[in-house]
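This report refers to the structure that appears directly beneath it.
Note that the numbering runs from 1 along the sequence shown for the chain.
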Amino acid sequence: MYPEALVKPMKSELTAVGFEDLSTPEKVDKAIAEKGTLLVVVNSVCGCAAGAARPGVKKSLEGSKKPIRLGTVFAGFDIEATAQARKHFSPYPPSSPAIALFKDGELVHFVERHHIEGRSADMIAEHLKMAYEEFC
């Protein structure tokens, strides 16, 4: 498990812009079960999370169409919460970072690590905006 001092600033990048810290399995299940749209980011310490995923997710929220609610778990820190979130990501294998879009409790769009690596924050933002147009 990563030390809190390392993880806290990376968590803050998302919680500071309105993401709920889904730090327990119960919080994960409650957030996913609610009606409406929910974006869940599996945050990570890796370079692609810092360089593309977190900045891209934040940039994707600048448009008019966006999820109603935002949540995040941190891989390697929120161990049980991340495991619970991943149960809702089926059939996708565990991936971090990752980005999941739910609508009325159903997974409707998923971005795996291999779709994040090697892409810019702008590319991630545009990809997510297209998903928001379809599902939000």
Side-chain angles (χ1 to χ4, degrees):
M1 187 159 104
Y2 295 112
E4 185 174 1
L6 175 68
V7 169
K8 191 174 180 177
M10 295 178 216
K11 275 188 170 215
S12 295
E13 285 185 54
L14 295 179
T15 57
V17 296
F19 280 79
E20 179 184 354
D21 188 4
L22 304 174
S23 56
T24 68
E26 295 78 21
K27 287 181 180 181
V28 168
D29 286 343
K30 183 177 182 236
I32 291 172
E34 290 181 30
K35 291 286 185 194
T37 51
L38 168 70
L39 187 71
V40 176
V41 175
V42 179
N43 205 343
S44 172
V45 299
C46 73
C48 61
R54 289 191 301 267
V57 165
K58 290 190 295 185
K59 192 169 197 168
S60 76
L61 300 172
E62 294 171 358
S64 59
K65 278 231 173 180
K66 56 189 167 193
I68 296 168
R69 293 171 292 107
L70 309 168
T72 183
V73 296
F74 206 101
F77 186 76
D78 301 320
I79 305 297
E80 294 86 10
T82 302
Q84 189 65 23
R86 287 176 170 157
K87 288 179 183 177
H88 295 278
F89 300 161
S90 182
Y92 298 97
S95 175
S96 59
I99 307 161
L101 181 62
F102 291 89
K103 184 170 185 174
D104 298 331
E106 179 185 341
L107 181 66
V108 294
H109 190 78
F110 194 73
V111 182
E112 296 176 85
R113 178 187 178 106
H114 69 90
H115 292 124
I116 296 169
E117 289 177 309
R119 298 196 173 60
S120 69
D122 287 336
M123 291 170 76
I124 300 299
E126 288 306 312
H127 176 103
L128 290 172
K129 286 178 182 181
M130 286 190 289
Y132 302 161
E133 282 296 322
E134 183 174 351
F135 298 109
C136 295

Does some side-chain heavy atom of [Y] sit less than 4.5 Å from a side-chain heavy atom of [X]?
{"X": "Val42", "Y": "Ser95", "result": "no"}
{"X": "Lys87", "Y": "Pro25", "result": "no"}
{"X": "Phe102", "Y": "Phe110", "result": "no"}
{"X": "His115", "Y": "His127", "result": "no"}
{"X": "Cys48", "Y": "Pro97", "result": "yes"}

Hydrophobic cluster membership, with links at side-chain heavy-atom distances under 4.5 Å among I/L/V/M/F/W/Y: are [X] and [Y] in one?
{"X": "Val73", "Y": "Leu14", "value": "no"}
{"X": "Leu61", "Y": "Val108", "value": "yes"}
{"X": "Phe77", "Y": "Val45", "value": "yes"}
{"X": "Phe19", "Y": "Phe74", "value": "no"}
{"X": "Phe135", "Y": "Met130", "value": "no"}

Just verifying a value: how many Å separate [X] [atom1] and [Y] [atom2], rounded to the nearest 0.5 Å?
{"X": "Leu107", "Y": "Leu38", "atom1": "CG", "atom2": "CG", "answer": "10.5 Å"}
{"X": "Asn43", "Y": "Arg54", "atom1": "CG", "atom2": "CZ", "answer": "4.5 Å"}
{"X": "Thr37", "Y": "Leu70", "atom1": "OG1", "atom2": "CG", "answer": "8.5 Å"}

- Task: Apply side-chain contact (heavy atoms from CB on, under 4.5 Å) to Leu22 and Ile32, showing your working.
- Result: CA-CA 10 Å; Leu22 304 174; Ile32 291 172; over 6 Å; no

- Query: Salt bridge check: are Lys27 and Glu20 linked by an N-O gap of less than 4.0 Å?
  - Reply: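 Answer for the salt bridge query: no.
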
- Indicate yes or no: does Glu26 engage Lys30 in a salt bridge with an N to O separation below 4.0 Å.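 Salt bridge: no.
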
- Task: Decide yes or no on side-chain contact (heavy atoms from CB on, under 4.5 Å) for Val111 and His109, but give the supporting numbers first.
- Result: CA-CA 7 Å; Val111 182; His109 190 78; 3.8 Å; yes

- Query: Can you list the residues that meet the salt bridge (Lys or Arg N to Asp or Glu O under 4.0 Å) rule with Asp122, with sequence neighbours excluded?
  - Reply: Lys59

- Item | Donor-acceptor pair, side chain of Lys65 and main chain of Tyr132, under 3.5 angstrom |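 A pair under 3.5 Å: no.
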
- Task: Name all residues meeting the side chain to side chain donor-acceptor pair (under 3.5 Å) criterion together with Lys11; count only those two or more places apart in sequence or in a different chain, and write none if there are none.
- Result: Asp21, Asp78

